[in-house]
Asker: 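Dropping a structure here in structure tokens format, bear with me for questions.
Sequence positions, counted from 1, serve as the residue numbers for this chain.
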Amino acid sequence: MKGLIRYDLLQLRCGVKGAFVCIYLGVIGVLSFVSDVGSVFSCLFVFLSAMFGVASFSYEEQTDWNRYTSAMPLTVRQIVLARYGSIAVCIALGMAAGALTAALAFVSGTADLAFADWLLLFVNSLLGAILYMECLIPLMYRLGAEKGRIAMLLVFGVLFGVLSALANFMELGVEAQAAQAGLYLTVGFAAVVLALLPVSAALSVRIRAKREF
């Protein structure tokens, strides 16, 4: 499984050019200094890193990677879980970049949220990225990379809209009751996301096992 995860990450590194990533990080870093909502940009990294991870489906179809994996002494479950693992690594890297961006925003004084509110929003961004992964991997196995791109954009738009609404709620939530409600929502969201993870993995294994390459 480690080899499959390493392969996915190498494919992403080659497909998503390092120069582009550096420029993107630089632009977001500058926006964190000059924007009035600097701390919110940190949440973008978590979401976009999940999108980059899901993009590995495109590269595996271009290289007929599924045919190679079918001939390997690996179970379908191992192949699918390796994909979850590679996207999880991407999300972790996005979290690190997002935390750095948030630190820049707090240091420069452009953070629009208190640290506790930002941390809660950041946790919800992480949960949203995991939910995005849970929804997209079964869909990508079912639809394929070409048709799955539309699903990627639709799911991303819905989850990002929910995150934006939550960010607005955090800005208005100056009262203790509102802040407590936000915490309860986060705990409930986490419970749902964690409960759906094994369901998503089992569904992906089932879909992947029925596909012929």
Side-chain angles (χ1 to χ4, degrees), residues 4-5 8-9 11-12 15-16 20-21 24 28 37 40-62 65-66 76-77 79-98 101 120-170 182 185-211:
L4 294 177
I5 294 174
D8 283 344
L9 296 178
Q11 288 295 317
L12 289 172
V16 183
F20 169 78
V21 175
Y24 179 77
I28 297 297
V37 290
V40 176
F41 283 107
S42 61
C43 300
L44 287 175
F45 282 110
V46 186
F47 264 101
L48 292 177
S49 62
M51 287 193 71
F52 286 144
V54 174
S56 57
F57 280 94
S58 299
Y59 301 122
E60 83 177 6
E61 285 199 358
Q62 293 173 5
W65 179 243
N66 285 314
V76 175
R77 181 178 178 83
I79 295 172
V80 170
L81 291 183
R83 178 55 48 81
Y84 279 84
S86 62
I87 298 177
V89 171
C90 292
I91 293 175
L93 294 175
M95 288 180 61
T101 303
L120 194 61
L121 182 61
F122 194 68
V123 170
N124 278 278
S125 300
L126 170 61
L127 295 173
I130 297 174
L131 180 61
Y132 180 79
M133 175 182 70
E134 293 171 350
C135 295
L136 258 295
I137 293 181
L139 285 174
M140 295 300 286
Y141 277 125
R142 179 67 180 84
L143 301 175
E146 190 67 29
K147 295 180 180 179
R149 290 191 182 96
I150 299 176
M152 286 177 62
L153 295 176
L154 290 176
V155 176
F156 178 84
V158 171
L159 291 179
F160 187 76
V162 172
L163 180 65
S164 299
L166 182 61
N168 293 331
F169 177 79
M170 292 297 182
L185 287 173
T186 301
V187 172
F189 188 23
V192 172
V193 170
L194 293 177
L196 287 177
L197 185 56
V199 176
S200 172
L203 183 60
S204 297
V205 171
R206 183 175 180 179
I207 295 173
R208 175 64 171 74
K210 291 183 178 181
R211 294 200 63 179

Asker: If you compare all heavy atoms of I207 against all heavy atoms of P138, which two are closest, and at what distance to 0.1 Å?
Answerer: CD1-O, 3.6 Å
Asker: First locate atom OG1 of T186, then atom CG of L126, and finally report the distance between them rounded to the nearest 0.5 Å.
Answerer: 11.0 Å
Asker: Distance from I130 atom CD1 to S125 atom OG, nearest 0.5 Å?
Answerer: 11.0 Å
Asker: What distance do R208 atom CZ and I79 atom CD1 have between them, rounded to the nearest 0.5 Å?
Answerer: 4.5 Å
Asker: With rounding to the nearest 0.5 Å, note down the distance linking CE in M140 to CE in M133.
Answerer: 14.0 Å
Asker: In Å and rounded to the nearest 0.5 Å, what is the CG to OH distance from L197 to Y84?
Answerer: 7.0 Å
Asker: Would you name the heavy atoms of R83 and I137 that are closest together and state the gap between them?
Answerer: CG-CD1, 4.3 Å
Asker: Check the pair F189 / L131 against side-chain contact (heavy atoms from CB on, under 4.5 Å), numbers first and verdict last.
Answerer: CA-CA 10 Å; F189 188 23; L131 180 61; 3.8 Å; yes
Asker: Which pair of non-hydrogen atoms, one from V80 and one from A201, has the smallest distance, and what is that distance?
Answerer: CG1-O, 4.3 Å
Asker: How far apart are the closest heavy atoms of C135 and V155, and which atoms are they?
Answerer: CB-CG1, 4.4 Å
Asker: For residues 43-53, which side-chain N or O atoms pair as donor and acceptor with protein atoms under 3.5 Å away, sequence neighbours left out?
Answerer:
unit_1: S49; atom_1: OG; unit_2: F45; atom_2: O; d: 3.0
unit_1: S49; atom_1: OG; unit_2: V46; atom_2: O; d: 2.7
unit_1: S49; atom_1: OG; unit_2: C90; atom_2: O; d: 3.3

Asker: F122: what forms a ring-ring contact (aromatic ring centres under 6.0 Å, His included) with it, not counting sequence neighbours?
Answerer: W118
